[in-house]
2 protein chains.
Amino acid sequence: MTDQPVRVTAMDVARLAGVSQSAVSRVFTPGAPVSRRMAEKVRAAAEQLGYRPNVLARAVITGRSRMIGLVVAHLENQFYPVAIEHLSRALQARGYHILVFLAGTDSGRTAEVVQELLDYQVDGIVFASVALTSDIASRCESAGIPVVLFNRGQEGEAHAEVTSDNLEGGRIVARFLLAGGHRRIAHVAGWQGSSTGRDRAEGFRRGLAEAGQEPLAVIDGFYDRDEAARAAHRLMDRPDPPDAIFVGNDYMAFGVMDALRFERGLRVPEDVSVVGFDDVPLAAWPAYDLTTIRQPVEAMVDATVDVLIRQIEEGAREAVRLRLPAPLVLRGSARSRRNGPDPTCP
Amino acid sequence: MTDQPVRVTAMDVARLAGVSQSAVSRVFTPGAPVSRRMAEKVRAAAEQLGYRPNVLARAVITGRSRMIGLVVAHLENQFYPVAIEHLSRALQARGYHILVFLAGTDSGRTAEVVQELLDYQVDGIVFASVALTSDIASRCESAGIPVVLFNRGQEGEAHAEVTSDNLEGGRIVARFLLAGGHRRIAHVAGWQGSSTGRDRAEGFRRGLAEAGQEPLAVIDGFYDRDEAARAAHRLMDRPDPPDAIFVGNDYMAFGVMDALRFERGLRVPEDVSVVGFDDVPLAAWPAYDLTTIRQPVEAMVDATVDVLIRQIEEGAREAVRLRLPAPLVLRGSARSRRNGPDPTCP
DNA sequence: CGCCTTGTTGCATACGATTGCAACAGACGA
DNA sequence: TCGTCTGTTGCAATCGTATGCAACAAGGCG
């Protein structure tokens, strides 16, 4: 039968319990000096009135909002929803909550978004799949807000970053494809404006170079499905089409496979091998059964949270760079010595 | 060369501009009475110092945080990331921001989550794919916070809800499959604990009943891929296996198709037709090419935002129920009179 | 029994803003 | 010239909570 949405404040609780407002505040502040009797009285009164501290008012005083800003793009790539899910749970477990902002690919939009985040006094920011230009970086810097880059590197060295070992991942793919007997290996790369895309491509090149080989071609796929599919067609239109394609992430790899199989009638891996990067859940579905490099999402998220919280709560300002190992996951989209038909005896 | 993360307040701006602090406040409050000269002076000073109003402090006074709580589950189902993307953009355009919370399937967790949301003084809450028990509902009610249910109905009639016409969608599928010559039609349903799942199943039943038919079987798939795949196997193990399966959403439908094609070697749609619900982007990919009912995500999100904002800003408390039309999208996973081989002449 | 220590509590102020109210200035008509 | 009205501005109180400081009580010790 409550009619008015009446806010119950610490003062109301104090009056009911017959104590001061500061006492109420202390009861709800872990580590503050309160006697058992006091705590019981106050909690009883609070319970009765349905009181809960106003987080925002608290934030104004303490300067900590217990909110973390998340700037993310590419939600169409299953990797990020999965990451968000873990991130949210991990932060919630530590008493933090996520304010989400979507970024486009243009950094102008990102700058606005960061400004709005700062307006909300977030305690820290996670940039997922978003490049950080130096002016945005310095904006966060001067606001004194810890920043962690998730799945992206940066231009300078200002901030902490958590990625998998993209360089090594690329090399592993190169070695694997060579070992599988492939000789004309192309790469539909992740956006070359992103460190992740560049590192994977670079690692791939080095892996081939170590065997005295080089890529048949490298085409930027811009993390876009259609773009990747077009790239696949361009590759197959060549007089010397590839016998294997390494794609910069799974999301694009699905587009490449679809183009190869349904638009060109090719078989994967019999005609062309395809390897991806990420190991999103979809990659394990039999419709794709994609051989890929696994990014350890959970570990990456846990590391991100650890670094961020340490910076917030201990004021640590070390710009750590974590590179978690990214192993190859063997599935059916690429011939290997073990599972595939040996290309030398058809 | 800024060393300290020094917060610049309205007071600092006031001093620099030689005006009162309230003047600064008014300059940043749309609609407040300020002269042109004053506004210019203050904006100049603010610019120089890099001042921006503290949103949290403002929220404490005005009682509006301009944050919307989003409670969501099933992020593995592409439908929700897509919806979140639109929701975030639509709200951002109106000056609101999203605080995300993940819900599990248990309502106990949801209750906690709602409590935390209320602590943050959010101006409204969107529940996406989350059922609302009556105690949680009344909690929001007594806090005076507008609530909109997205893609779910509710037990009572307390809150606004936005869904597509699930009932009609189910009927359309039934009629379509009958028209395609199918006679043994089964349903792997969305979780029967959710209104959405129930409505689609009920509509489907009615559609069959109107032609004097009834479903071969209805099995709850709990919105779970593996569960749905198991259901598909159980159906096909029957002495009279279905010639068509209507699946409660696309995400499960992919699992069903994978089970049929890759684990049982059946052809879709030649051996079994499959129809989904949602029309997520993946449904259009040729690997699945899924015939499905399209939920108009953008329109649903826009409606959600409209209703929510109107409730917040105009205090409207009408518990509207919007049901947007959900048309059938013809693709290749189900035989129809037009595209499929006629089952009567093989 | 008196003194000092330790642990609790209330008072008062602060955090960064918004906003009602009164004071004031200038414009205008009479 | 005076009174009035309109449009700006500053003062001061307020939002809901945290926290330094002084006051106080209880307890241990000599």
Side-chain angles (χ1 to χ4, degrees), chain A residues 4-43 45-46 49-67 95 118-123 143-144, chain B residues 4-43 45-46 49-67 95 118-123 143-144:
Chain A
Q4 306 266 32
V6 58
R7 294 212 183 300
V8 26
T9 74
M11 198 57 214
D12 300 325
V13 177
R15 266 192 286 268
L16 177 60
V19 300
S20 74
Q21 176 267 323
S22 17
V24 176
S25 170
R26 276 189 270 260
V27 169
F28 285 92
T29 306
V34 226
S35 67
R36 277 182 53 82
R37 277 190 349 128
M38 170 66 71
E40 282 165 14
K41 255 196 306 188
V42 170
R43 287 201 186 282
L49 296 177
Y51 168 78
R52 308 212 83 208
N54 183 328
V55 181
L56 265 38
R58 174 178 290 175
V60 171
I61 301 184
T62 60
R64 331 219 73 125
S65 61
R66 302 200 75 85
M67 295 193 295
L118 296 182
D119 292 349
Y120 273 95
Q121 314 281 112
V122 293
D123 292 343
Chain B
Q4 305 265 33
V6 58
R7 293 210 183 301
V8 26
T9 73
M11 199 55 214
D12 300 325
V13 178
R15 265 192 287 267
L16 177 61
V19 300
S20 74
Q21 179 266 325
S22 17
V24 177
S25 169
R26 276 189 269 260
V27 170
F28 286 92
T29 306
V34 226
S35 67
R36 277 179 53 82
R37 278 187 352 123
M38 170 66 75
E40 282 165 15
K41 258 195 307 188
V42 170
R43 286 201 188 281
L49 296 178
Y51 168 77
R52 307 211 85 208
N54 183 326
V55 181
L56 265 37
R58 175 178 289 173
V60 170
I61 300 183
T62 62
R64 332 218 75 122
S65 61
R66 301 199 76 83
M67 296 192 295
L118 297 182
D119 292 349
Y120 273 93
Q121 315 281 112
V122 292
D123 292 343

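Just so it is clear: chains get the letters A, B, ... in the order the sequence lines come, proteins before strands, and each one is counted from 1. Since we're looking at a predicted model, the values are computed, not measured.
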J.: Please test A:Met67 against B:Met67 for side chain to side chain contact (heavy atoms under 4.5 Å, CB included), starting from the C-alpha separation and ending with a verdict.
T.: CA-CA 12 Å; A:Met67 295 193 295; B:Met67 296 192 295; 3.9 Å; yes
J.: Nearest whole angstrom, please: distance from the P of D:dA18 to the CZ of A:Phe28.
T.: 10 Å
J.: In this structure, how many angstroms lie between the C1' atom of C:dG16 and the OH atom of A:Tyr120, rounded?
T.: 16 Å
J.: Tell me the interatomic distance from A:Arg64, atom CZ, to D:dT19, atom P, rounded to whole angstroms.
T.: 11 Å
J.: Nearest heavy-atom pair of B:Lys41 and B:Ala17: which atoms, and what distance?
T.: CD-O, 3.9 Å
J.: Of the listed nucleotides (C:dT18, C:dG16, D:dT17), which one gets closest to any side-chain atom of B:Thr62?
T.: C:dT18
J.: Where is the tightest heavy-atom contact between B:Val60 and A:Val60, given as atom of each residue plus distance?
T.: CG2-CG2, 3.9 Å
J.: Checking A:Ser20 side chain against A:Ala23 main chain: does a donor-acceptor pair fall under 3.5 Å?
T.: yes
J.: Counting side-chain heavy atoms from CB outward, which of D:dA18, C:dT18, C:dA17 is closest to B:Ala10?
T.: C:dA17
J.: Does the ring of A:Phe28 carry A:Arg52 above it, NZ/CZ under 6.0 angstrom from centre and within 45° of its axis?
T.: no
J.: Whole angstroms only, please: what is the CE-C1' distance between B:Met11 and D:dC11?
T.: 12 Å
J.: Would you mind telling me which of D:dT17, C:dG10, D:dT9 lies closest to the side-chain atoms of B:Arg26?
T.: D:dT9
J.: Could you tell me the separation between the CZ atom of B:Arg7 and the C1' atom of C:dA17, rounded to a whole number of Å?
T.: 14 Å
J.: Using every non-hydrogen atom in the two residues, find where B:Asp123 and B:Gly63 come nearest and quote the distance to one decimal.
T.: OD1-O, 4.0 Å
J.: With no hydrogens and no angle check, is any side-chain donor or acceptor of A:Ser35 less than 3.5 Å from a backbone partner on A:Met38?
T.: yes
J.: What protein N or O atoms touch nucleotides 22-25 of chain D N or O atoms at under 3.5 angstrom, if any, and at what distances?
T.:
none

J.: Could you tell me whether A:Ser25 contacts a base, only the sugar-phosphate backbone, or nothing, with contacts defined as non-hydrogen atoms closer than 4.0 Å?
T.: base
J.: Rounded to whole angstroms, how far apart are CG on B:Asp12 and P on C:dC15?
T.: 11 Å
J.: Near DNA chain C, counting only heavy atoms under 4.0 Å, which residues of residues 31-38 of chain B show up?
T.: none
J.: Quick check against the 3.5 Å criterion: does A:Ser65 have a side-chain atom that pairs as donor or acceptor with the backbone of A:Ala59?
T.: no
J.: Would you say that B:Leu16 contacts B:Leu49 through its side chain, given a criterion of any heavy-atom pair below 4.5 Å between the two side chains?
T.: yes
J.: Please state how far atom CG in A:Asn54 lies from atom C1' in D:dT17, giving the value in whole angstrom units.
T.: 8 Å
J.: Output the residues of residues 14-24 of chain A in contact with DNA chain C, where contact means a heavy atom of the residue under 4.0 Å from an atom of the strand; sort by number or write none.
T.: A:Val19, A:Ser20, A:Ser22, A:Ala23
J.: Is there side-chain contact between B:Tyr51 and B:Arg7, with heavy atoms separated by less than 4.5 Å?
T.: no
J.: Applying side chain to side chain contact (heavy atoms under 4.5 Å, CB included), run through B:Val19 and B:Val24 and close with a yes or a no.
T.: CA-CA 8 Å; B:Val19 300; B:Val24 177; 4.2 Å; yes
J.: What I'd like to find out is whether the side chain of B:Val55 reaches to under 4.5 Å of the side chain of B:Arg66, using heavy atoms alone.
T.: no
J.: Grab the CZ-C1' distance between A:Arg58 and D:dT17 for me, whole Å please.
T.: 8 Å
